[in-house]
Amino acid sequence: MCGIIGISSNKPVSANIMNSLKKLEYRGYDSAGIATLSDGNINEVKSEGRVENLEKNFDLKVLSGNIGIGHVRWATHGVPNSINAHPHSSENVSVVHNGIIENSTLLKKHLTNQGHKFKSQTDTEVIVHLITENLKSFELQEAITKTLKQLHGSFALGVIFKDKPDLIVGARRGSPLAVGYGPNENYLGSDSYALKSMTNKITYLEDGEFCIIKKDEVNFFNNKGKKINKKILELTSKEESYDKGDFKHFMAKEIEEQPVTLKTGIKEYINNINNDINIYNFPWKIEEINSITLIGCGTAYHSCLMAKYWFEELTSLDVNIDIASEFRYRKNRFKSDTLYVFVSQSGETADTYAALDICNKNKMKTCAVVNVIESSIARDSNFVLPIHCGPEIGVASTKAFLGQILVLYILAIKLGSLRNEIENKVYQDKIKDLKNLPTLIEKTLLIDNDIQSIASTFNEAKGSMFLGRGFSYPIALEGALKLKELSYVHAEGYPAGEMKHGPLALIEEGMPVVVLAPRDSYYKKTISNMQEVVARGAKVLLITNKSTDEVLSENIWETIEVESTNDDLLPFLLTIPLQKLAYYSALKKGYDIDKPRNLAKSVTVE
Ligand code: F6R
């Protein structure tokens, strides 16, 4: 992951670099650093931990200079400390890097033999010394072209040079990088979000390209060092809210705003006048698609799994799902009648992008379901279905999950209708129910107090399980993921029917087990499975939906009832208590909810 920024200006840059680093923190928060050039010197400051540490530890006045680079790190090579923090510098060159240099050990050996001294445990430092070495024999452009050829792996780079006080070099292979244009200054950044407060004029570098940025000029080059022209894109200047408002954490705000984000998503896709779904400019004829493959990572993968149940229920399409990091290395049998759908909040996840790239190279039909419409995955897919959630800042995905499953559900009913596999009356009813979903979510969000007290039991336990069947199984997986990533409690999501095939051995007296048993077609089966864990001493938190029928089971520890709606939509409602359980459990432990340990919001390394 990691985030990089560079500014070349006619005025001091350190304050703007610091501000951009704060925006980039979602990409990594193990350490932060800045280097500027002034009076023929490279000035470097670095701190372990957050950008706020860097700000506290150093006075920006020591960082004079009209040109500089900055970095936030998510550690891959070397522990997170200030020595391994970027920028890394030699006498003459300073580098910030996002990605992984796969041949760094070999290069380090060569460079050490040539007399280069290394200070850190990072792979990045080899780039610094390689450029320094190549500059001994070549002019800048050639030295960069040669260096990039010698590097294996993925990178986005920002480089400054002591004896070239007016320029920054940027380079991209595998990791995203954007150039921004401002008045008397130009920028380099990992994404448009970091640059948005300074400019909405952006150029994205493609793999293999590099650029030289001066305050009044930007030049682009291909992988052979040949000058190329690139387009400037104007981004929407739509105001988006990046502050917490009255909430203690972004995650709390993002959970509570789900009725609004869902309403926006529904408004974007549903035509109220004729009660129909609008998916404009769909580039293929419906007869050209006979199967669908959904690909994502983490929470986005859970959205794919959720969608599989809906697509199978509402269409006769063959539906496959895949974890992107597995898909990219398997021998896939590509089929031209398959629609490949890439689900990603950030649109920058390296594994998901690589899977898309393979499909594009095989000339497949590709569709992105993303939150960030300017992202690499959106730009390189044939077709984009945005989830319209607004920025999600909390590292643990909440509103984007509901946004993803909303869009995938809408696509499933639309395809079911276009393929004449659901009757018009059913189609119309499902759309009507969908329009009511934000209100049901709003009501379900009121269950706060019950969850706060339940959360303590999960924190005291050695481990916990989340069980569900059918439509509730993907939600069980998502609930377990939320709990483990936020409160560092071991949590396992499982299909309830699978317990007796092994995991039942884990159940012991007092172990908290969440059972998702809405009153859908799986209800009776799930309740039987629940009784199997109750009988073995588990403390069961049953999450079901409101009904006049009592739950016929004894010894349930706690019950939470969400609102009732049609079976398809119950997964949306079941998600809410699980998001809150993870939130309150981390809150009680005093953990950093918006930035859980070892994680980052945008995973741009494989
Ligand atoms: C978990 C979480 C991650 C992401 C995953 C994919 O709360 O947020 O599991 O879902 O890293 O990220 P995107 O959706 O940006 O591709």
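Read the numbers this way: they start at 1 and go in the same order the structure lists the ligands and their atoms.
Counting atoms of ligand 1 from 1 in the listed order, those under 4.0 Å from a heavy atom of E485 are 1 (C), 7 (O). Listed by number with element, the atoms of ligand 1 under 4.0 angstrom from any heavy atom of V395 are 8 (O). Atoms of ligand 1 found under 4.0 Å from any heavy atom of Q345, numbered from 1 in the order shown, are 13 (P), 14 (O), 15 (O), 16 (O). Residue-ligand proximity, S344 to ligand 1, at heavy-atom distances under 4.0 Å covers atoms 13 (P), 14 (O), 15 (O), 16 (O). The atoms of ligand 1 that sit less than 4.0 Å from any heavy atom of K482 are 1 (C), 7 (O). Within ligand 1, counting atoms from 1 as listed, the ones closer than 4.0 Å to a heavy atom of G298 are 9 (O). Within ligand 1, the atoms closer than 4.0 Å to a non-hydrogen atom of A300 are 10 (O), 14 (O), numbered from 1 in the order shown.
Of all protein heavy atoms, the one closest to atom 2 (C) of ligand 1 is T299 OG1, 3.7 Å. For atom 11 (O) of ligand 1, the nearest protein heavy atom (residue, atom name, distance) is V603 CG2, 3.9 Å. Taking atom 15 (O) of ligand 1 as the reference point, the nearest protein heavy-atom neighbour is S346 OG, 2.6 Å. Looking only at heavy atoms of the protein, atom 6 (C) of ligand 1 is closest to C297 O, 3.3 Å. Of the protein's non-hydrogen atoms, T349 OG1, 3.4 Å is the one closest to atom 12 (O) of ligand 1.
Just one of V407, N278, L411 meets the side chain to side chain contact (heavy atoms under 4.5 Å, CB included) condition when paired with Y269; it is V407.
In this structure, the side chains of Y309 and P571 stay at 4.5 Å or more apart for every pair of heavy atoms. By the 4.5 Å heavy-atom criterion applied to side chains, F466 and L581 are counted as neighbours.
To the nearest 0.5 Å, the span separating CG on L177 from CD on E209 amounts to 10.5 Å. Once rounded to the nearest 0.5 Å, the distance linking OH of Y353 with CZ of R379 reads 7.5 Å. Taken to the nearest 0.5 Å, the CG atom of L385 stands 8.5 Å off from the NE2 atom of H388.
No side-chain donor-acceptor contact under 3.5 Å links N84 and S31. With hydrogens and angles left out, the side-chain atoms of S397 and E392 include a donor and acceptor closer than 3.5 Å.
Ligand 1 is never approached by N371 to a heavy-atom distance shorter than 4.0 Å. Heavy atoms of H302 come nearer than 4.0 angstrom to ligand 1 in no pair at all.
Classification of the Y522-F471 ring pair by plane angle, with boundaries at 30° and 60°, yields tilted. In this pair, Y340 and F342 present their aromatic rings parallel. The plane angle is below 30°, not in the 30 to 60° band.
Remark: ligand 1 and T352 share no N or O pair separated by less than 3.5 Å (distance only, no angle test).
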